[in-house]
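Lettering of chains follows the sequences in order, A, B, ..., and the numbering in each one begins at 1. Computed from a predicted model, the values in this text were never measured in an experiment. We use all heavy atoms of the structure for the numbers below, so side chains are in, but hydrogens, waters and symmetry mates are not.
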Number of protein chains: 2
Amino acid sequence: MSNRCSDEGKIIYQLNEIFKQMSPKFERCTGISQSRLDLLHKLFEVDETSQSALQKEVNIDSAAVTRHLKQLEGKGMVARRKNPNDNRFTFVSLTEEGRERIVSYRLEKEQFITKVLKDFSEEEQTSLSNMLTRIQKNVKDIQY
Amino acid sequence: MSNRCSDEGKIIYQLNEIFKQMSPKFERCTGISQSRLDLLHKLFEVDETSQSALQKEVNIDSAAVTRHLKQLEGKGMVARRKNPNDNRFTFVSLTEEGRERIVSYRLEKEQFITKVLKDFSEEEQTSLSNMLTRIQKNVKDIQY
DNA sequence: AGTCAACTATTGACCCGTCAATTGATTTAA
DNA sequence: TTAAATCAATTGACGGGTCAATAGTTGACT
């Protein structure tokens, strides 16, 4: 249950470090931030969604979603329009240009991922993934 | 080397999710952010250091370090003074109050960690840690 | 009808990180 | 000894996230 202090925080520490080191490299390699690519990915699969549905999928604050989508709209990658049947909702979809550009993003991302998982066998990957899933569950179970 | 798409991005995704979900809970449980606790930890071990040396250890930008330390100074947890032999450097140290309070922070942190690693055996923990180390190395090797 | 509650989206204030430019102190070299 | 280079720390501008408050729309209930 409890083990020696030197090791105790190490995994948490490593998780943070990996995140901090990986995020900026991801952005430089792919040319887009992970959050934005996530948004585009979801849109890629869905054709058109409400903003709130999108927000629930990517799991970032709706304020951030609004700002991202506005910028992506400014760059001509997504289109937004109000739901005519319910003006509270705004529908979001990829533009043609967005749809084209996301393909190259995906490519860059795949290359990035293979670099990150270099020398990991299939078994190791699934083993790692399973452990991460368990950690995720533990984190979720922490009340407060 | 390359495997099916559904699994490809999953680990990266999980790492991000864990980080995003864990950070705010950590802060609520312990009452302090991870970065700040890191800073205090280093100071706890070292008695007095220069700010730049501290910055190198915690691995966050020196601008952020300055701002953190100023706030911690405002709360009476750390003390700062210029190095009399070289006025470029500022020395940082824990105050008595800071030294007291960090003990409880450590306690909260330990409890948090055991929750995160619930149901993980020693072997699993070292196995996980080793894999994370390898990933960290892979990330570091990504040029650009 | 009219009011009230619920819901989406947006905005503002804030935290935390980065990079780039600046300030002040010291060292190096001419 | 003075000028240039270097270095630590700070500051400002910005990106991206959160929460809280607000605006606008819709639905339900009296």
Inset, instruction - Report the distance from atom CG of Leu69(B) to atom P of dT11(D), rounded to the nearest whole Å. - result: 13 Å
Legend entry - Gln71(A) side chain near dG15(D) phosphate (N/O to OP1/OP2, under 4.0 Å): no
Inset, instruction - Would you tell me whether Thr90(B) and Gln51(B) have side-chain atoms, one donor and one acceptor, within less than 3.5 Å of each other? - result: yes
Inset, instruction - Would you please confirm or rule out a distance under 4.0 Å between OP1 or OP2 of dA9(C) and any side-chain N or O of Thr66(A)? - result: no
Inset, instruction - Look at all strands and tell whether Lys70(A) reaches a base, only sugar-phosphate, or nothing, counting heavy atoms closer than 4.0 Å. - result: sugar-phosphate
Inset, instruction - Using a cut-off of strictly less than 4.0 Å, decide whether Ser52(A) has a side-chain nitrogen or oxygen near OP1 or OP2 of dA9(C). - result: yes
Inset, instruction - For the pair Ser50(A) (side chain) and Phe89(A) (backbone), establish whether a donor and an acceptor sit closer than 3.5 Å, ignoring hydrogens and angles. - result: no
Legend entry - Earlier contact from the 5' end, DNA chain D, for Asp61(B) and Lys56(B): Lys56(B)
Inset, instruction - Determine yes or no for a side-chain-to-main-chain donor-acceptor pair under 3.5 angstrom, with Ser127(A) supplying the side chain and Glu123(A) the backbone. - result: no
Inset, instruction - Return no unless some side-chain N or O of Ser62(A) is found under 4.0 Å from OP1 or OP2 of dT8(C). - result: no
Inset, instruction - Have a look at Thr90(B) and say if it touches a base, only the backbone sugar-phosphate, or nothing, with a 4.0 Å heavy-atom cut-off. - result: sugar-phosphate
Inset, instruction - Record whether the side chain of Arg67(A) comes under 3.5 Å of the base of dG12(C) through a donor-acceptor pair of N or O atoms. - result: yes
Inset, instruction - For Asp38(A) and Tyr13(B), work out which heavy atoms get closest and say how close. - result: OD2-CE1, 4.1 Å
Inset, instruction - For Arg80(A) and for Lys20(A), find the nucleotide of DNA chain C with the closest heavy atom, then tell me which residue's nucleotide is more 5'. - result: Arg80(A)
Under 3.5 Å between N/O atoms: give me all the protein pairs with nucleotides 24-27 of chain C, atom names plus distance.
residue	atom	partner	partner atom	Å
dT26(C)	OP1	Asn87(B)	N	3.2

Legend entry - Salt-bridge contact Glu96(A)-Arg99(A) (side-chain N to carboxylate O under 4.0 Å): no
Inset, instruction - Would you tell me whether Ser35(A) and Ser33(A) have side-chain atoms, one donor and one acceptor, within less than 3.5 Å of each other? - result: no
Inset, instruction - Would you sort out whether Met22(A) and Gln136(B) count as a side-chain contact (heavy atoms from CB on, under 4.5 Å), showing the intermediate values? - result: CA-CA 8 Å; Met22(A) 194 163 56; Gln136(B) 219 168 339; over 6 Å; no
Inset, instruction - Give a yes/no answer on whether the side chain of His68(A) brings an N or O atom under 4.0 Å of OP1 or OP2 in dG17(D). - result: yes
